[in-house]
Every structure is written in structure tokens, then in C-alpha cells.
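Okay, structure first, notes after.
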Amino acid sequence: MKKKAKTREMFIRDENTKSKGLTQGWLAAILLIVALGLTGTGEAITRGQAVAEIMKALEIPLRTSSGEVIKDIPKGAPYEAAARSAAVYGILPPGEYYYPTLEITKLEAIYLAIRAMGWNHVAQTSKKLIAETNGTFSLSSPFVPYVEIAQRMRPPIPQDLVDQAEENLSAADLSILAQWLKVCKQGCTFEKSVDIGFGELKVHRHGTGAPPAMWIIKIKEFPIEATQAAQNLKGKLEAMGYGVLITSDDCALHVAIGPFDSYLKGWRALSALPQEFRGILLPHGGPPAGALFWSALVIDPKVAPSILPAAPFGKRRLPISEIASESGAKAAINGGYFAWDLPIGTLKIDGALAHHSFGERNAAGWDEGGKWHFGPGNVKAWLHLGGTAFPIDCFNEPPSFNGFSIYTPHFGAQALKIPHDAMEGSVREGILRWKTPSISSQHYIPGDGFLIVGRGRARVFLAGMKLGASAQVATLFGDPAFAETKNIVQAGPLLIHEGKPYYRDERFAPTLTEVKHPRTMLGHDGQRVWWIVIDGRDSWHSQGATLEEARKLAYSLGLKEALNLDGGGSSALWLDGALVNHPPGGEERPLPYALVVP
């Protein structure tokens, strides 16, 4: 009889930290694994020995960190190098004692194996959103999602390791586990679909990841133009003795502490930070790996998403989880591109144009009846004021000299950055109600109308217009079908059109199109709407995708239309109170609006 391991339960702390061709090969491989296991002995295995074999099977190099003190892994202990390396990589959860000389259960070994493959986020997602009740054995709850993943993977974990999982791991069991991991290293997949009432959630992960090269603690994000503010924070942190670096992407500057050559060292530094500088520990760099995670909501055709700005909920930018929860939405995803607190490109919300177009980049539009359209999203707009028509420069941004802008209440009750040389006019119910020079105005935008802002010749015309004059906005879309849709999001590029891969130069930089990034896609399969998010920038969890790889994924899923939305740190998919994806910045990026299922 095998003895149960000592009763102390390890690793119960939660943290935020290809294979279509496998079908024929893994069956034979699993039979070989089981056969090999039958030749082993019943000798109990220590935790140090187990983690050493797990890392060897997955070809994870041993790595120690200079100056690292790990009290429960003493110098000279058996399998010390492997145990220390596992702590350095974060395979062993920080804050828990490991005791490498103690015996390990099969359950704990499965848990460590899934973490070492880089599948921790899949387990956490499973725990929050897609966990099932497994009646074949009684498990301590933190381990359940790890075992479920191992059982649902292709290749699945051999049943011998799951049977009586709370018993000690034997040498025979360890041999089976190591052989299974070697097969997984060659290719493995996890897929699951869950009915969510208004559609289904799909989750996919394939490949084993590679540990990051370093780790950093992200402290704060700044607008891309706020260089001085970022430098000021950097100087303050350096004065406290921290090493600091500033990184950037297309949307923001990031001030971070580090880098650290150990996850454990970074975690300890994070724990010791003053409260005002609480940050997030993130991977930083790493070798190319084949790991990829994507998730998708497939929405029933009768369900029409809405576009919800952040402003009605108190701020000009909010994480989509806050927009969704404050509005009572069931699900949410990020939308098109933006510049800090304003969209980039055409945005039409419930029939009202809220932002002007960005060239002829492609867009998606829909109405409440489930009719969708994809195509060039360019639009021209005119202000008809007192019977005279004027072209509109911008929506919710300042006009050029001699031009008109329209401010709607979608992004706040007060217009920002209005030039002092402008004239403003308030329109309600299609009538000019009042007007005033901007230098003496509070720039209030009526909630049931819009604000006109004119400069130069436009200012002169508005100043001479009598109150009570009619004021209307007219639009002309380059693609006439968009005139019939109530909601439009312009983004791009369009990846799939009329069921075929689609290629048109929409003037995106190669750094966006040809480099692997997190991606968000909005698609349609002829009946249902697809929201897809591909995670990225994490060598262990998910590398991300180039646009061509995203196109191939959309095509493989049978989409007739697929539009690339904003990606990178903006990519986010929220469902039923929880994020499904894992943002590369470790937390959601605040956005000016979200697409939601009401």
C-alpha cells in the first residue's frame, strides 16, 4: 500500500502571475508511457526529485539567482539546483515552503508539471469560468483545475497518475509523468467550449512555454507624450535605491523597477515596496516559444452588442471590467484604436457619430436586428446651420483654424482643449440654444444634443447666427451600407472578407503587422458574432500572433468576416465578472469605450 503524503497541504495560494496533428501520434505515445511506468518501483519520490524530473523532461535549464536565500532549500540538499531553479522561475509559488526532501503526492506533481509548462493562466481561467465537478476522486480545490486541464489535454495525462491522486508519487509514477511531459513538449493542446446562455465561451491553448529571461515590476503607466512625468517618477524611485527602466508601446510609457533575474527576487521586492508604489510583477523578455493562448465569445445572432463609453461612469478611461460591471453587462471586449481618452477612427454609437474617420481603414457596423457589415469606414460630415452647410473637421476634438468641430456627450460632459479663439454654440433638439466665446465658456456639452465649436471664418459665421436657428449634422459614408447601421467601429486591417483571406494596405507599420503581439478580432461566421482575443508578450504563457497568424486563425475558425481591433496591452475579454485573457501588462488598460453584451 502506498502511504499518503504528510498532511501539510502545499501551494494553496492563488496568484496573478500544435497540434491538430497530434491525434494519431499521442495515442501510441501514451501506451508507451504506461508500459514504461509498469517497470518502475513503488518507492516514494521527494519533491526535489519530482521537480528535477519535470524540468528535465520539459528541457527547462537549471538557473540560480545571485544572492538568493531560500530558507527551506538548504545548501547541499538533494536536488538543490533543480529546486532552486524552480523557485527562481516561479514554478514553486512564492510565499509557500517547499521542503524538497519531503515526499510528494501525485496531485502535487501534476500541479507542478502544469505550472512548469506555463499553463497557470489556463488553470486560473478554468477555476473561475469553466471548472467542472470531477466525481472520480476528492481533491483539495486549488488543484482541481490543474488536474482537469491535464485530463482534457491532447495528449491527456495517463489515468494512472489521476487515480488515487492524493497518494504519494512513486518512481513508476514519476517515469510515466516524465514521459508524458516529453510528449507534450513535442506538441499539446487544450480546448474547451462552455455554454454561457447568450452564446459560448471557447478557450484554446497549445504548446509548452519557455521561462522568461527576466522579470520587472510595473509601477505606473503614462500617456505617450508625458515624458517628463515618467522621468520624475523614475528619479524618485532611483533616489530610493531601486533600479528603474522606462519602456513604451504605441499607447503609453511604462515606469518599472528591475529587471530581476529571478521571479522570487522580483516577488520579494514587490512585497517590500511602499504602498504608494504597489506594482505588478511581469515577465520581461524570453526566448521564442510555441505557446499560444486564445479565447473567444461566440454570440448568438439575436444578441446585439452595444458600444459603451467610460465617461458616463465617472472617468474618461476605465478598464472594460468596470464599464461592464457598472452597466450590468454580461460580457465585454476592447474596441478600436485610441489616443489616451479618445478614439482613433470612425465611431458611431446608437445612431450618432461620435468620432471622425481615420482614412479609409476598414470597420464593422451592426444594428439591433443582428445585421452586420464590414468594409471601408470612412465618413464625411456636414453641419447644416441656419440653412447653410459647412464641412465638419472633427468630432470630439478641436477644429482646425476656419473649421467646425462637433462635441457629443459620449466622452464627457465638458469639452477639453478648446482654443481660446473659438466660438461655441449649444444645440438641443436640433435648435441653436445659446452661443458664447470659448474664452468665457465652461465648454458644457448638452446631454441631449451637441456643442458646436468654430474658429476663424467658422467662428464669425456662428457668432452672426441667430439663436433658434436649425442645426443638424449630416453624414455620407464611403460605403453606403454603413448608413443603415446604428453602431460602427473603425479599426483594421480587415483580415477575412466574404469568406476569403483579405489583403489591402491600410497603412499600418510593420512593427504592428509583422511582430507577434496580443490581438483582438471582431468577426462573423455568417450567423454568429465572434469576439476573439489572442494573448501575447509572454514566452511562458503565450507569444502572441502576427497579423498573418491572426488571419489564419480566423480563417480556420470558419469566419466569413474578421476585423483586427486594437491589440497589445488593450486586448481584453471579460465575462461574468472575470477577465478571460491575461493582459501583457498584468492588468487591464483603461480604455475610452468598450463593446458589451447588455
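In what follows, residues are counted from 1 in the order of the sequence shown. This one's a predicted model, so the numbers in the text were calculated from it and none came from an experiment.
With no hydrogens or angles considered, a side-chain donor-acceptor pair links Y146 and Q124 at under 3.5 Å. Using modelled atom types and a 3.5 Å distance limit, the side chains of Y502 and N362 yield no donor-acceptor pair. For T546 and K516, the side-chain atoms include no donor-acceptor pair closer than 3.5 Å. Side-chain N/O atoms of D538 and H582 include no donor and acceptor closer than 3.5 Å. A donor-acceptor contact closer than 3.5 angstrom links the side chains of E548 and Y503.
Side-chain contact between F411 and L347: present, with at least one pair of heavy atoms (C-beta onward) separated by less than 4.5 Å. Between K330 and F198, the closest side-chain pair of non-hydrogen atoms falls below 4.5 Å. Using a 4.5 Å heavy-atom threshold, the side chains of I91 and L112 count as touching. Between W574 and V580 there is no side-chain heavy-atom pair separated by less than 4.5 Å. Using a 4.5 Å cut-off on side-chain heavy atoms (C-beta onward), P309 and I349 make contact. By the 4.5 Å heavy-atom criterion applied to side chains, M117 and M153 are counted as neighbours. The shortest distance between side-chain heavy atoms of K380 and T475 does not fall below 4.5 Å. Side-chain contact check for D566 versus F338: some heavy-atom pair is nearer than 4.5 Å.
Residues passing the side chain to side chain contact (heavy atoms under 4.5 Å, CB included) test with A109 are I104, L169, L177, sequence neighbours excluded. For W530, there are no ring pair (Phe, Tyr, Trp, His ring centres under 6.0 Å) partners, not counting sequence neighbours. Applying the side-chain hydrogen bond (donor to acceptor under 3.5 Å, both in side chains) test to E587 and every residue at least two apart in sequence or in another chain returns K218. In terms of the ring pair (Phe, Tyr, Trp, His ring centres under 6.0 Å) criterion, residue partners of F482 (sequence neighbours excluded) are, by chain and number, H373.
With hydrogens and angles ignored, the 3.5 Å screen pairs no side-chain donor or acceptor of S126 with any backbone N or O of V122. S85 places a side-chain N or O within 3.5 Å of a backbone atom of R63 that can act as its donor or acceptor partner. Put simply, the side chain of T346 gets close to the backbone of G377: a donor and an acceptor are under 3.5 Å apart. When atom types are taken as modelled, the side chain of Y337 and the backbone of G492 share a donor-acceptor pair closer than 3.5 angstrom. In this structure, N396 contributes its side chain and A354 its backbone to a donor-acceptor pair below 3.5 Å. H517 places a side-chain N or O within 3.5 Å of a backbone atom of T511 that can act as its donor or acceptor partner. Between the side chain of N487 and the backbone N or O of S306, no donor-acceptor pair lies under 3.5 Å. Side-chain atoms of W366 come within 3.5 Å of backbone N or O of P305 as a donor-acceptor pair. The main-chain N or O of H541 is found under 3.5 Å from a side-chain atom of R205 such that the two form a donor-acceptor pair. The main-chain N or O of R115 is never found under 3.5 Å from a side-chain atom of N120 such that the two would form a donor-acceptor pair.
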- Item | Residue pair W540, Y89: steps toward the side-chain contact (heavy atoms from CB on, under 4.5 Å) verdict | CA-CA 10 Å; W540 220 339; Y89 287 130; 3.6 Å; yes
- Item | Steps toward side-chain hydrogen bond (donor to acceptor under 3.5 Å, both in side chains) verdict (N334, T520) | CA-CA 8 Å; N334 67 288; T520 301; 2.9 Å; yes
- Message: For R154 and E191: C-alpha separation, side-chain torsions, deciding distance, then whether salt bridge (charged side-chain N to carboxylate O under 4.0 Å, His left out) applies.
- Response: CA-CA 9 Å; R154 298 198 308 268; E191 291 181 325; 3.7 Å; yes
- Message: Is there a side-chain contact (heavy atoms from CB on, under 4.5 Å) between I224 and S248? Walk through the geometry before answering.
- Response: CA-CA 8 Å; I224 197 71; S248 65; 4.2 Å; yes
- Task: Begin with the C-alpha distance, continue with both residues' side-chain angles, and end with the deciding distance and a verdict on side-chain contact (heavy atoms from CB on, under 4.5 Å) for Q159 and Q151.
- Result: CA-CA 8 Å; Q159 190 62 32; Q151 289 180 296; 4.1 Å; yes
- Criterion salt bridge (charged side-chain N to carboxylate O under 4.0 Å, His left out) on E148 and K127, from CA distance to verdict: CA-CA 10 Å; E148 287 186 348; K127 181 178 178 181; over 6 Å; no
- Message: Please determine whether side-chain contact (heavy atoms from CB on, under 4.5 Å) holds for the pair K560 and H524, giving the CA-CA distance in whole Å, both sets of side-chain angles, and the decisive distance to 0.1 Å.
- Response: CA-CA 6 Å; K560 306 300 182 185; H524 201 275; 5.8 Å; no
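A distance of 10.5 Å separates CG in L573 from CD in E588, rounded to the nearest 0.5 Å. Within the model, atoms CG of D505 and CZ of R361 stand 10.0 Å from one another, a figure rounded to the nearest 0.5 Å. To the nearest 0.5 angstrom, I54 atom CD1 is 9.5 Å from W180 atom CH2. Between the CD1 atom in I333 and the CG atom in L565 there is a gap of 6.5 Å [rounded to 0.5 Å]. Atom-to-atom distance recorded for L62:CG and M55:CE is 5.5 Å, nearest 0.5 angstrom. If you take CG on L563 and CG on L495, they are separated by 7.0 Å, rounding to the nearest 0.5 Å.
For S193 against K202, the heavy-atom pair with the smallest separation is OG-NZ, 3.2 Å. Scanning both residues, L559 and A562, for their nearest heavy atoms gives CD1-CB, 4.1 Å.
Classification of the W372-F374 ring pair by plane angle, with boundaries at 30° and 60°, yields parallel.
Annotation for K185: atom NZ counts as buried by contact number, over 12 foreign heavy atoms lying within 6.0 Å. Environment of CZ in F358: sparse, with no more than 12 heavy atoms of neighbouring residues, nucleotides or ligands closer than 6.0 Å.
A salt bridge links K486 and D350; the closest N-O separation between the charged side-chain nitrogens and carboxylate oxygens is under 4.0 Å. One finds a salt bridge joining R528 and E200 here, because a Lys/Arg side-chain nitrogen approaches an Asp/Glu carboxylate oxygen to under 4.0 Å. For E549 and R551, the salt-bridge test fails: no basic side-chain N is under 4.0 Å from an acidic carboxylate O.
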Compile the donor-acceptor pairs under 3.5 Å between side chains in residues 589-598 and protein atoms, sequence neighbours left out, one pair per line.
residue : atom : partner : partner atom : Å
R589    : NH1  : S570    : OG           : 3.2
R589    : NH2  : D249    : OD2          : 2.7
Y593    : OH   : G336    : N            : 2.7

Would you mind writing out the side-chain donor-acceptor pairs for residues 289-301 within the sub-3.5 Å range, not counting sequence neighbours?
none

